[in-house]
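Only this structure's heavy atoms are used, side chains among them; waters, hydrogens and symmetry mates stay out. This is a predicted model, so every value here is computed, not measured. One-based numbering, in listed order, for ligands and for the atoms of each. Note that the numbering runs from 1 along the sequence shown for the chain.
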Amino acid sequence: MDLFQKESQYLMQTYARFPVIFEKGNGCVLEDVDHKLYLDLTSGIGVNCLGHNHPAIVQTISKQASELMHVSNLYYTKPMIDCAEKLVKASQMKNVFFANSGAEANEGMIKIARKYSFEKYGKNRNKILTLKNSFHGRTMATLSATGQDKFHHYFYPFVDGFDFVECNKIEDLKKKLDDSVCGIFMELIQGESGVLPLNYDFVKEVETICHEKDILLMIDEVQTGIGRTGTLFAFEQYDIKPDLVSLAKGLGAGIPIGAILANEKCQNVFQKGDHGSTFGGNPLSCAIANTVLDIVNQPDFLQDVKEKGNYFIDQIQSISSKEIKEVRGMGLMIGVVVDQNKRSTLIQELMKQGILVLSAGVDVIRLLPPLILSYEQIDEVISIMKGVFQ
Ligand code: PLP
């Protein structure tokens, strides 16, 4: 039996996989079992921010694995505490809770918002506004928070207490802002639904409303965080101070980790016993996150991501092709809008020619390359894209 047959026999069929089996990775390049090479513009959906098998990550894993991988949260470990310190200092937040994934971080963030409000205002102030077309995860609460109808089937009952606001429509937000609202929860660039950056003015107005009404500003940086947009956090580019921020994906560069950052208002909401996670904060994932932060959180590295992102967007825009309707994004989070009916063919053709890309929304080809992508590799992608799009 070949691997494709075995996969369909032994795995729940929740993913539409491309028919390729990867065996090795090096930098931005992946190699399949037939030794065909691909330039990876997906980073495992925004995870491999330092590419594949980055020497510093490999070294950290092997050192930490040989020392200590897991002891539970009954005890202290240095990598966990160092990682919390680095995240707090970099974000100017106050403290951290470690989880294992984006959904788990968001789930914890929802719990903090509700407890904060419960303690100050009683139990009826518990609604969280999220945005239409958002994506926040696959657990019951994060699915309920996700503003897309297609995720709201089968799994009844969903978690109550969410309402959905049109992106960039402050009037719609004000209409839905009743006395029961305790938090406003959003991605600053909606990733899964099509690489849609929110308007700066909208975000600033939401921040003002949150501050005036003591509503928590909750930012999902699972996809946009850890340098993806050219700053360590996307919220820096919107000049806002969130109350809560969630992280995952790039923070572990390939190893599962999630985190919730809380500001002064929220830092003491969770008390002993209120929340927990067996694997959360384990020394292996935190040691890796420390290495990731040491590399990514450097002004030169982040500036380079910003400049490469601008160059990449300019180069795609300069391809003269009727297939490309729009190019948008920030840093190395890029969306290329194409004809909805041709997208799948374009993605497959790029793959045939050795370029791996993602889809998003209904008509977007999404690029989330490793942040270490070189200018030469961007030029190589552009020359292949020219052939495919023209
Ligand atoms: N939030 C955002 C913005 C995401 O893009 C994702 C995943 O794509 C999630 C949350 C869920 O993260 P995870 O798959 O790690 O649970």
- [ ] Quick one, list the residues around ligand 1 where some non-hydrogen atom comes in under 4.0 Å, by chain and residue number.
- [x]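 The 4.0 Å shell around ligand 1 contains Ser101, Gly102, Ala103, Asn106, Phe135, His136, Gly137, Glu187, Glu192, Asp220, Val222, Gln223, Lys249.
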How are the rings of [X] and [Y] set to each other: parallel, tilted or perpendicular (split at 30° and 60°)?
X	Y	result
Phe22	Tyr38	perpendicular
Phe158	Phe155	perpendicular
Tyr238	Tyr200	parallel

Task: Pairwise side-chain contact, Lys94 with Lys265, heavy-atom cut-off 4.5 Å (strictly under) - done: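 Side chain of Lys94 against side chain of Lys265, heavy atoms only: no contact under 4.5 Å found.
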TODO: Would you please indicate if the ring centroids of Phe185 and Phe162 are separated by under 6.0 Å?
DONE: no
Open item on the list: Quick test of your reading of the model: are Glu119 and Lys115 salt-bridged, counting only N-O distances below 4.0 Å?
Closed with: yes
